[in-house]
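Single-structure report; data block below.
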Amino acid sequence: EAGVTQFPSHSVIEKGQTVTLRCDPISGHDNLYWYRRVMGKEIKFLLHFVKESKQDESGMPNNRFLAERTGGTYSTLKVQPAELEDSGVYFCASSQNRGRTGELFFGEGSRLTVL
Amino acid sequence: GNSVTQMEGPVTLSEEAFLTINCTYTATGYPSLFWYVQYPGEGLQLLLKATKADDKGSNKGFEATYRKETTSFHLEKGSVQVSDSAVYFCARASGTYKYIFGTGTRLKVLA
């Protein structure tokens, strides 16, 4: 069974450009999450989808970030326009469990470097 | 507040040495606790977990015990190997679907 896959693995862009990160969760997982790790700091929650609905987007830094999950399958996270402080590793995770928090299955992350 | 604090790295050990990576948390109630590991070039993987006080999670020779008295979940291994070199993240559940992570501790094991 395929795990959580993310694309691209590494993106280098200039300040002001746009980048779109993609996440394919494990098939059948309704819950999809985006997290971010900036400059060796803690991994921080960005948002959570249940199927195609945004359940919680309290961790999104600002309105330059837009996440979508059309059809409740894969998700995209767009950063527009990108700023230097957006550099970091963006992790996607999925889970099937409802109720008490269970295991999240993470992808390898997409490293974003903004110059 | 609600946070997870783990010891700063990097931690460098010789093969077969004893490992402890400290982790403490703040929370209301007794959330589930986790250790995740990220090997070079790979994603985060669940290493072990404990869902209630006094539970001991274990996997691949690693152990961690949920200590509510000290609000800790320290990771230990009796004899590390070079293949254990990775970044280790302590995390706690927040609500029913969110995790709060620590900053990660890089472990380097030398042959």
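Given the structure is predicted, the values throughout are model-derived calculations rather than measurements. As a basis for the values below, the full set of heavy atoms in this structure was taken, side chains included, without hydrogen atoms, waters or symmetry mates. Lettering follows sequence order; numbering is per chain, from 1.
Between T103(B) atom OG1 and K41(A) atom NZ the span is 10.5 Å, to the nearest 0.5 Å. Note that NZ of K98(B) is 10.5 Å distant from CG of L46(A), once rounded to the nearest 0.5 Å.
Across all their heavy atoms, Q38(B) and E108(A) have their closest contact at NE2-O, 4.2 Å.
Clustering ILVMFWY residues whenever any of their side-chain heavy atoms sit less than 4.5 angstrom apart, transitively, puts I21(B) in a cluster other than the one holding F18(B). In the hydrophobic clustering of ILVMFWY residues, with side-chain heavy atoms under 4.5 Å counting as a link, V109(B) and W35(B) come out together. Hydrophobic clustering (side-chain heavy atoms under 4.5 Å, transitive across Ile, Leu, Val, Met, Phe, Trp, Tyr) keeps V89(A) apart from L47(A). Cluster membership check: L21(A) does not share its hydrophobic cluster with V38(A), using side-chain heavy-atom separations under 4.5 Å among Ile, Leu, Val, Met, Phe, Trp and Tyr. Following chains of ILVMFWY side-chain contacts shorter than 4.5 Å, one can reach L107(B) starting from M7(B), so the two form part of one hydrophobic cluster.
Each salt bridge (Lys or Arg N to Asp or Glu O under 4.0 Å) pair with one or both residues in residues 6-20 of chain B, not counting sequence neighbours, would appear here, but there are none.
Inspection of non-hydrogen atoms places D56(A), S58(A) of residues 52-73 of chain A under 4.5 Å from chain B.
Using cut-offs of 30° and 60° for the angle between ring planes, the F106(A) and F101(B) rings count as perpendicular.
With a threshold of 4.5 angstrom between heavy atoms, Q6(B) does not approach chain A through any atom at all.
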Check the pair I43(A), Y99(B) against side chain to side chain contact (heavy atoms under 4.5 Å, CB included), reporting the backbone distance first and the verdict last.
CA-CA 9 Å; I43(A) 300 170; Y99(B) 284 14; over 6 Å; no

